[in-house]
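See below for the structure under consideration.
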Amino acid sequence: MVEIELDGKKVEALEGSMIMHAAEQAGTYIPHFCYHKKLSIAANCRMCLVDVEKMPKPMPACATPVSQGMIVRTKSEKAIKAQQSVMEFLLINHPLDCPICDQGGECQLQDLAVGYGGSTSRYEEEKRVVFHKDVGPLISMEEMSRCIHCTRCVRFGQEVAGVMELGMSHRGEHAEIETFLGQTIDSELSGNMIDICPVGALTSKPFRYSARTWELGRRKSVSPHDSTGANLIVQVKNNKVMRVVPLENEEVNECWISDRDRFSYEALNSTERLTAPMIKHGGEWKTVDWQTALEYVANGLKQIKADHGAASLGALVSPQSTVEELFLAAGLMRGLGSDNIDYRLRHAEFEPAGQVRWLGTSISSLSNLDRALIVGSNIRKDHPLFAQRIRQAVRKGCDVNAINSIAIDATYTPANAYFLSSSHWSKALAEVAAAVAASKGIDAPVAVSATEAAKSIAASMLSGERKAILLGNAAAHHPQASSLLALANWIGQQTGASVGYLTEAGNTVGAQWAGAQPAQGGLNAGQMLAGGLKAVILLNNEPEFDSAAGAKAKAVLGQAQMVVSMNPFKANMDFCDVILPISPFTETSGSYVNAEGRLQSFHAVVKPLAETRPAWKVLRVLANMLDLPGFDFDASTDVLHKLTGQSAALGGIPVEKLGNSAKAANVTIDISETNIQPVTATIYQIDGIVRRASSLQMTADARSTLNTPLEVNA
């Protein structure tokens, strides 16, 4: 540590850090454009010039290292004059179109021009003009004349997203930020460029010219789309979601969100929204009131239970539903005497309910790993924010090892990779275990010969300090999932690595905790989708797209006596008898549990659309109509209190319930070849909201199959 004097105050800063870092630590603001705490230092805007004693001219705070005894003045006449000169220079070519600029009201240049800009300009020549560029459906580059060449967007793509899609061409007044060869911006994190652009050069194409920033209300929320549990600021106007931006949480999503989190809100305002309960009568859909619809469902469940028994009733629920909704759905089915409830719609193997499967470590620790083994995951597309954390670790020297079906563009080069059909993943992991055992002179859990690829992975995992074995969506959905977990646990125990699942959805961990899977011998999702049920409740899912059964699910469910769809959208109408409009996450209160077991609660940001109702209320009323005890809840927090047994503010998954133990000694490890391939969803097909987001469906990822975990020949 070194001590400097900053505006008359003594400040301690790390040796090698910059004046800007010391100022942030001391709470002193220094104006800047190109500097960003998550990006490398460029020092090209010069707005952060400060007065450093014994220096002949003002120095850039972002690029001047601190030294013992240094005296820095950020508000001296010399510093202010330098900053004003830089501002005058920046405004020479800026179009000054604030009244019509989409960034007006939240523009960093606009804000600083108030304090450091002049009231008149000495520049009388013609301003430069940069022609607009079409870079895809998400980002608008219509007004690149506003660009001040801070290069934040370029550095973000190169350093965080891992895809350098933007760069600067030419020099001087001819310099432009552009993609090259007319390409589009296709990164799954591209929307963050909009946030970090300090002017109105990069703006949101779906949001463009739809509202002014001062017209928007801002409410906190949590993303349901993947297991990061990204914290969001949802911006609303006239009871309508207009935009979604990140809420900074260093432990979860830092200051980033994926494009899936940012742009999926379009579906919430689409014509696909279901606005009133409907019942199919004589093959035609009729709109009815809630009382009629719920009486129809309650009477149907009672009659089918009386005629065929409670075992003929079942519920298929979504891991994107809230903890409260899943807890009540499980309580409703068990109150009716049925244990047929499951959230594992894409799974091929169904282990008995036990410990709650989770990441096995904290999300923030992924940024500091020394070694990682990722099994069965296109992590960049399945978990974009986890992927960028692992990329951070790779840039610090982490070796990432992969077992997968195909080589994927993970924005980093794996140290060791073992590519083979998913039917051989269990054998491949057994080979890694055998190589570890040979290195340590102990018995392997399975007697196999290790290939060179397996030996390389084993050698990597036996070195380093901070290590993790991460099982992806395809590994969780694998027909030999328990064998993969047992082998991963054995390797983890021998190498000192944590073991965990990346987990598929926003509430996969919470679904286990809430009991949304069979506990006493009930049917699992695979069995329910194979047929035989007389009454099925579908909570927030579309089995045709969200289950391993795929299109076959329509025919199977069409044979049931009654199918009830609870969904925000006009979904499952081909085979359902009743559809009930439930609120998406923006129109209800509730909680999600992310991959690391973190419970995050949120409130509705807008009122429910038309006759839409929160699913937890629908389930509560339905249970009351069925005369089931224990459903007297006045708020979603009451439901959470019952589950946690304590205050929601302090509640969460008890540590003892979290665990990925499946010791090799307790599991019959199967390394035989399987002909059942794991089913996973592509990045913009993961749930009903994303599937109906029009801009996301126009992206390169949505149009291509490159993000699908394709199989290779054995």
Side-chain angles (χ1 to χ4, degrees), residues 188 219-234 241 244-247 249 252-253 256-270 273 316-329 343-346 358-359 363 382-386 473 502-514 516 538-542 545-546 566-569 571 582-606 608-609 612 614-616 636 640 681 683-693 696:
E188 60 286 342
R219 288 90 189 254
K220 298 177 183 179
S221 193
V222 179
S223 172
H225 304 303
D226 65 40
S227 58
T228 307
N231 290 199
L232 311 176
I233 294 289
V234 181
V241 175
V244 175
V245 295
L247 172 63
N249 186 331
V252 180
N253 55 297
W256 317 120
I257 55 174
S258 68
D259 290 352
R260 183 164 57 190
D261 300 329
R262 184 183 301 272
F263 296 107
S264 60
Y265 74 88
E266 285 186 293
L268 306 175
N269 306 319
S270 73
R273 284 295 302 272
L316 296 168
V317 297
S318 168
Q320 269 92 13
S321 297
T322 68
V323 167
E324 294 82 356
E325 292 164 359
L326 294 168
F327 180 68
L328 290 179
Y343 76 93
R344 300 168 294 178
L345 306 185
R346 293 190 176 102
W358 68 302
L359 187 62
I363 291 174
D382 294 344
H383 304 89
L385 295 175
F386 289 172
N473 294 349
L502 292 167
T503 72
E504 180 181 31
N507 205 27
T508 299
V509 176
Q512 300 170 70
W513 182 41
L538 303 175
L539 175 60
N540 205 21
N541 65 80
E542 300 165 74
F545 306 107
D546 295 328
M566 301 173 63
N567 204 289
F569 302 102
I582 61 169
S583 301
F585 74 103
T586 53
E587 298 171 18
T588 183
S589 57
S591 309
Y592 294 130
V593 182
N594 68 3
E596 67 178 358
R598 181 187 296 260
L599 176 70
Q600 300 185 108
S601 297
F602 54 91
H603 298 288
V605 300
V606 292
L609 178 68
T612 300
W616 73 266
S636 63
L640 187 60
I683 184 170
Y684 297 136
Q685 293 293 319
I686 189 70
D687 59 58
I689 296 178
V690 172
R691 284 194 291 269
R692 291 171 174 83
L696 290 178

### Query
Would you say Gln600's side chain and Gly229's backbone share a donor-acceptor pair under 3.5 angstrom?
yes
### Message
Using the rule given for side-chain contact (heavy atoms from CB on, under 4.5 Å), can you reason through Val509 versus Ser227, listing the C-alpha separation, both sets of side-chain angles and the distance that settles it, and then say yes or no?
### Response
CA-CA 8 Å; Val509 176; Ser227 58; over 6 Å; no
### Task
State whether the side chain of Asn253 and the backbone N or O of Thr228 hold a donor-acceptor pair below 3.5 Å, judged by distance alone.
no
### Query
So, do Ile233 and Lys220 sit near enough that their side-chain heavy atoms are less than 4.5 Å apart?
yes
### Query
With a 4.5 Å limit on heavy-atom distance, are the side chains of Trp513 and Val593 in contact?
yes
### Query
Are the side chain of Asn507 and the backbone of Ser321 linked by a donor-acceptor contact shorter than 3.5 Å?
yes
### Task
Please confirm whether the backbone N or O of Ser591 pairs with a side-chain atom of Glu324, one donor and one acceptor, at under 3.5 Å?
yes
### Query
Do side-chain atoms of Arg260 reach the backbone of Tyr684 as a donor and acceptor pair under 3.5 angstrom?
no
### Message
Applying side-chain hydrogen bond (donor to acceptor under 3.5 Å, both in side chains) to Asn540 and Gln320, what does each step give before you reach the verdict?
### Response
CA-CA 8 Å; Asn540 205 21; Gln320 269 92 13; over 6 Å; no
### Message
Nearest 0.5 angstrom please: Leu696 CG to Asp259 CG, how far?
### Response
7.0 Å
### Query
Which value, rounded to the nearest 0.5 Å, describes the distance between Leu326 atom CG and Tyr592 atom OH?
9.5 Å
### Task
Mind running side-chain contact (heavy atoms from CB on, under 4.5 Å) on Ile689 and Phe569 for me, showing each step along the way?
CA-CA 9 Å; Ile689 296 178; Phe569 302 102; 3.8 Å; yes
### Query
Nearest 0.5 Å, what's the OG1-CH2 distance between Thr503 and Trp358?
11.5 Å
### Task
Measure the spacing between OG of Ser258 and CZ of Phe386 and express it to the nearest 0.5 Å.
11.0 Å
#### Entry: Non-hydrogen atoms of Glu504 and Thr508 that approach each other most closely
N-OG1, 3.7 Å
### Task
In sequence, state the C-alpha distance, the side-chain angles, and the governing distance for Leu502 and Leu359, and then conclude on side-chain contact (heavy atoms from CB on, under 4.5 Å).
CA-CA 6 Å; Leu502 292 167; Leu359 187 62; 4.0 Å; yes
### Query
Ion pair present between Arg691 and Asp546, side-chain N to carboxylate O less than 4.0 angstrom?
yes
### Query
Would Ile582 and Glu325 satisfy side-chain contact (heavy atoms from CB on, under 4.5 Å), going step by step from the backbone distance to the final call?
CA-CA 11 Å; Ile582 61 169; Glu325 292 164 359; 5.6 Å; no
### Task
Could you tell me the separation between the CG atom of Leu232 and the OH atom of Tyr265, rounded to the nearest 0.5 Å?
13.0 Å
### Message
Are Asp226 and Ile686 packed together at the side-chain level, in the sense that at least one heavy-atom pair is separated by less than 4.5 angstrom?
### Response
no
### Query
Nearest heavy-atom pair of Val234 and Ser221: which atoms, and what distance?
CG2-CB, 3.8 Å
### Message
Is it the case that the side chain of Arg219 and the backbone of Val605 share a donor-acceptor pair, with hydrogens and angles ignored and the cut-off at 3.5 Å?
### Response
yes
### Task
Please answer whether the main-chain N or O of Ile683 pairs with a side-chain N or O of His225 as donor and acceptor at a distance below 3.5 Å.
no
### Task
Would you name the heavy atoms of Arg273 and Pro568 that are closest together and state the gap between them?
NE-O, 3.2 Å
### Query
So, the side chain of Arg598 versus the backbone of Asn594: is there a donor-acceptor pair under 3.5 Å, distance only?
no
### Query
Under a 4.5 Å cut-off applied to non-hydrogen side-chain atoms, are Phe585 and Thr322 in contact?
no
### Summary
From the list Ser583, Ser636, Ser601, side chain to side chain donor-acceptor pair (under 3.5 Å) with Ser589 holds only for Ser636
## Note on the structure
Closest heavy-atom pair, Val244 versus Asp261, reported as atoms and distance to 0.1 Å, is CG1-O, 3.6 Å
### Query
Does any N or O in the side chain of Asn541 come within less than 3.5 Å of the main-chain N or O of Leu539, such that one atom is a donor and the other an acceptor?
yes
### Task
First locate atom OG1 of Thr588, then atom CZ of Phe602, and finally report the distance between them rounded to the nearest 0.5 Å.
6.5 Å
#### Entry: Donor-acceptor contact present, side-chain Glu587 to main-chain Leu609, <3.5 Å
yes
